[in-house]
Amino acid sequence: MILSRAIVAPTCKRLFSHRCVSTLSSNPHIKAFPNVALHSGYLLTYLDTNPPTSRLAIGTTTQLPPTPQSFTENHEFLSILNDVLRQHAAQDPNLQSHALAFAGPGGVTLGSHGAFFPQQRKERATRKTAAGLGGGGGAGGSGAGGASAQGGAGGAGVGGHVHLSDLRNPPDFGRIAFPEDILGSIEVDGSGKIIGQFEPSGTYRIITNEGVLGLSDFLRAKLIERLNAEEKRS
């Protein structure tokens, strides 16, 4: 009997209310609590509070691990996420370093945060594809677009926009992230300095077949800080 408990304990932790909580194997920062309100399924959340605050949960799922088919997102959480990104994306060290790289002499697309586009106002009509900004042959692109979007020398000294993308599925070198992985974009000047405000893509999906909500350490900390503050006000 003692041996049996030792085997089960690592995968299922008992909290004070004796409800079982686990973490997602694809993202250990996210907890899965039984969804008591519906007597089935699970609430996914960044917070440790037990019982969890449903309005601050990422969403619900009918199974673990969650899939795009089993998951229902919490629109209030998504609104909070976008607000946090508007406030803090410009200070994200990862995004800052990519913006500097994209504005460098090569002006190439690289890394996990998407692509740099030469200075041009984004057409509202193209936002529904998100990744089609500037083309470049990435997800939603046509293979055309400016030199920088194609991985050539074109970003240097011009300015433009850089995508903030989910870390769960980094695009290949010189490619643009898929629309469902693009959280949004932000404007940078010709020297690679972020000068604009984060704009949500409108195409982002919290869960895809590649995983669940992968943020940088900096942005995840800011999001959890905001969620804790919201919970204290509840």
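E73 meets the side-chain hydrogen bond (donor to acceptor under 3.5 Å, both in side chains) test with H75; sequence neighbours excluded. Here Q91 pairs with nothing under the side-chain hydrogen bond (donor to acceptor under 3.5 Å, both in side chains) rule; sequence neighbours left out.
Under a cut-off of 6.0 angstrom, the local environment of OH in Y42 is sparse, with at most 12 non-hydrogen atoms contributed by other residues, nucleotides or ligands.
Of the candidates N169, D166, I207, T208, T208 is the only one forming a side-chain contact (heavy atoms from CB on, under 4.5 Å) with E180.
With a 4.5 Å cut-off on side-chain heavy atoms, D181 and R168 count as touching. The side-chain heavy atoms of V21 and N50, taken from C-beta on, include no pair separated by under 4.5 Å. Using a 4.5 Å heavy-atom cutoff, the side chains of I224 and R220 are in contact. You'll find the side chain of P51 stays beyond 4.5 Å of the side chain of F33, heavy atoms only. At a threshold of 4.5 Å between non-hydrogen side-chain atoms, the residues I206 and F77 count as touching. L81 has its side chain within reach of L215: a pair of non-hydrogen atoms, C-beta onward, lies under 4.5 Å apart. Inter-residue side-chain proximity for N27 and Y46 is flagged as met; some heavy-atom pair is nearer than 4.5 Å.
Between the side chain of E187 and the backbone N or O of Q197 there is no donor-acceptor pair closer than 3.5 Å. A donor-acceptor pair under 3.5 Å is absent between the side-chain atoms of N35 and the main chain of G41, judged by distance alone. With hydrogens and angles ignored, the 3.5 Å screen pairs no side-chain donor or acceptor of K31 with any backbone N or O of T23.
Between L164 and F198, the shortest heavy-atom distance links the atoms CD2-CE1, 3.9 Å.
Note on residues 56-66: pairs passing side-chain hydrogen bond (donor to acceptor under 3.5 Å, both in side chains), not counting sequence neighbours, are T61-S70.
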